[in-house]
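Please read all numbers here as calculations on a predicted model, not as lab measurements. The first residue in the sequence is number 1, and the count goes up from there.
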Amino acid sequence: MSDEQKDTALYDFDDEAKKSGWSNFPDGVLQRNGVMMGDLTDEQEAAAMKVMEAALSKKGYEQLVEIREADDYLASAEDSGGTTSPRPTPTGTPGGETGGGPGGGTGGGPGTVSFGSQYYYISFFGQPSKNKQFMVQFGGHHAAYNITYAGKNVSISPTLTGVEPMEFDWEEKFCKPLEDKRSSTMAAIQSLSESRLADAEIDGSFDDLLLGPGNDGPFPEPEGVLVSSLGKKQRAKVTAMLAAWIDDLDEKAGGGGASKQLLAKYVSEYDKTYIGWSGGTTIDNVNTYVRLDGPSAWIEFSNQPADEDPGVHQHTIFRDETADYGWN
């Protein structure tokens with residue numbers, strides 16, 4: 001990067017901008033931290049994506065690539081006269097996800113929102129180091145990665161992933177990002193018996209993430225059923241659900257084994273971890289909302305309205321209550 005770009009991309013580790021400069025919104029609703037991919041040369045963008053390729057597993061990196069391709073798909077749909085319907089506004093975040101019609105479009109500039117892989121940003125909080133704490137922040141519409149390193153310790157909290165549409169063809173490739181998260185979450189919640197499903201229902205309704213962008217807590221009192229009270233096969237499905245998020249982290253992170261260590265930690269806390277749902281428990285129900293809430297791990301899976309069949313897309317978030325934006 002040039003010196004000017006470095007000034008834009010590099011923040012002090014404790015700068016509060018790290019908590020406010022990320023979102024699930026398309027570009028134009030909120031000013032993200034760092035430098036935009038579309039403002040980089042091809043060589044610079046390749047270097048930036050090498051950072052994310054190193055930070056994420058092969059599966060996790062492919063997911064990021066396809067989330068960005070979904071944005072190119074949306075931009076192409078709008079440029080050809082399609083529309084993207086308004087979505088509910090996440091708690092604590094200004095505006096709403098809109099496209100087409102007044103204030104929509106892909107042209108950038110005041111009063112517009114912009115879809116496309118070029119509208120993703122990278123920033124660093126703290127100087128990258130082998131032993132001191134620093135964070136890589138990367139994101140755009142439907143993706144926000146906050147990955148903190150401190151020697152062999154690694155945190156991916158908070159990480160937001162979403163996608164619209166759920167499945168699409170792009171440049172001779174069939175894409176279905178978040179499929180592992182969809183299938184494992186539905187398998188976990190649908191494994192509950194009718195009586196346990198009733199016990200697991202969370203009070204209230206949720207039209208988006210509770211602890212999404214702009215709302216870092218406090219974490220609510222746990223609701224649902226204890227994972228430790230479930231049968232062995234049901235617990236295995238919950239573990240598979242957890243792994244769908246944790247396995248996005250590079251297998252070599254923290255000197256190797258960080259993702260396995262994190263998953264083992266979260267599984268060891270099943271006696272204080274709850275799984276619950278609200279609105280629905282099927283992937284085609286726009287009201288489906290599933291939550292995993294432990295002493296450390298927090299996952300929300302929220303269906304959202306969409307234009308294309310089956311009329312839903314997803315917002316998801318992973319947090320670690322003990323390592324949100326790093327460690328104190």
Side-chain angles (χ1 to χ4, degrees), residues 18-26 29-30 32 55-56 60 63-64 67 70 87-93 97 120 135-148 154-164 166 177-182 184-186 188-189 202 204-220 222-224 238 241-249 259 262-263 266 273-279 283 288-304 312-326:
K18 71 168 67 167
K19 298 182 179 181
S20 59
W22 64 275
S23 175
N24 62 279
F25 287 134
V29 179
L30 174 143
R32 288 179 168 85
L56 301 172
Q63 172 186 263
L64 171 57
I67 289 173
R87 256 79 88 197
T89 304
T91 304
T93 311
E97 284 192 19
Y120 284 70
M135 187 175 81
V136 177
Q137 187 173 87
F138 184 95
H141 179 225
H142 280 160
Y145 297 85
N146 296 284
I147 307 176
T148 307
V154 186
S155 170
I156 57 170
S157 178
T159 288
L160 180 148
T161 50
V163 69
E164 182 182 7
M166 291 196 296
L178 272 63
E179 176 59 27
D180 61 333
K181 295 173 175 58
R182 284 191 291 270
S184 62
T185 300
M186 293 301 98
I189 200 66
I202 298 171
S205 60
F206 301 86
D207 59 9
D208 212 329
L209 304 172
L210 178 65
L211 296 183
N215 191 351
D216 295 323
F219 289 78
E223 294 183 76
V238 174
M241 175 184 169
L242 257 170
W245 276 266
I246 305 306
D247 287 351
D248 286 347
L249 180 65
S259 58
L262 284 173
L263 186 60
Y266 302 144
T273 300
Y274 294 78
I275 186 169
W277 66 280
S278 174
I283 199 60
T288 290
Y289 172 90
V290 180
R291 179 192 301 172
L292 188 75
D293 182 4
S296 303
W298 168 277
I299 292 173
E300 291 180 82
F301 180 98
S302 176
N303 268 358
Q304 304 291 304
V312 297
H313 75 285
Q314 286 80 43
H315 291 174
T316 84
I317 196 159
F318 174 87
R319 289 181 183 263
D320 185 327
E321 193 168 351
T322 68
D324 221 20
Y325 301 103

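- Listed here is the closest heavy atom pair of L262 and V154: CD1-O, 3.8 Å.
- P158 pairs in a side-chain contact (heavy atoms from CB on, under 4.5 Å) with only one of the listed residues (F318, Y325, W298, Y145), which is Y325.
- Not a single donor-acceptor pair under 3.5 Å links the side chain of S23 to the backbone N or O of L30.
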Verdict with reasoning, H315 to L160, per side-chain contact (heavy atoms from CB on, under 4.5 Å): CA-CA 7 Å; H315 291 174; L160 180 148; 5.8 Å; no
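- Atoms CD1 and CE, from I189 and M241 in turn, are 7.5 Å apart once rounded to the nearest 0.5 Å.
- Taking OG of S259 as the reference point, atom CG of D247 lies at 6.0 Å (rounded to 0.5 Å).
- Between V238 and I275, the closest heavy-atom pair is CG2-CD1, 4.2 Å.
- Separation of atoms CD1 (I283) and OG1 (T185) is listed at 8.0 Å; rounding is to 0.5 Å.
- Under a 3.5 Å cut-off, the side chain of Y120 and the backbone N or O of A144 do not form any donor-acceptor pair.
- Judged as a ring-ring contact (aromatic ring centres under 6.0 Å, His included), and not counting sequence neighbours, F138 has no contacts.
- Counting only distance, with no hydrogens or angles, the side chain of R32 and the backbone of G140 share a donor-acceptor pair below 3.5 Å.
- Not a single donor-acceptor pair under 3.5 Å links the side chain of D293 to the backbone N or O of E223.
- For T273 against G294, the heavy-atom pair with the smallest separation is OG1-CA, 3.5 Å.
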Working for side-chain contact (heavy atoms from CB on, under 4.5 Å), residues L178 and M166: CA-CA 8 Å; L178 272 63; M166 291 196 296; over 6 Å; no
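- Classified by interplanar angle (parallel below 30°, tilted 30° to 60°, perpendicular above 60°), the ring pair W245/F301 is perpendicular.
- What you find for G212 and W22 is that their closest heavy atoms are C-CH2, 4.1 Å.
- E300 and Y289 are linked by a side-chain donor-acceptor pair at a separation below 3.5 angstrom, with hydrogens and angles left out of the test.
- In this structure the side chain of E321 never reaches within 4.5 angstrom of the side chain of L211, judged on heavy atoms.
- To the nearest 0.5 Å, atom OG of residue S157 and atom CD1 of residue I317 are 7.5 Å apart.
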Derivation of the side-chain contact (heavy atoms from CB on, under 4.5 Å) call for T288 and M186: CA-CA 10 Å; T288 290; M186 293 301 98; 3.9 Å; yes
Stepwise side-chain contact (heavy atoms from CB on, under 4.5 Å) test for Q314 and H142: CA-CA 9 Å; Q314 286 80 43; H142 280 160; over 6 Å; no
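- Using a 4.0 Å cut-off between charged side-chain N and carboxylate O, K181 and D248 make a salt bridge.
- Rounding to the nearest 0.5 Å places CD1 of I147 at 10.5 Å from CD of Q137.
- For the pair S278 and G204, the tightest heavy-atom approach, listed with the atom from each and the gap, is OG-O, 2.7 Å.
- For F219 against D216, the heavy-atom pair with the smallest separation is CE1-O, 4.3 Å.
- Judged by distance alone, with hydrogens and angles left aside, the side-chain atoms of R291 form no donor-acceptor pair with the main-chain N or O of S302 at under 3.5 Å.
- Remark: T148 OG1 to K18 NZ distance equals 6.0 Å, nearest 0.5 Å.
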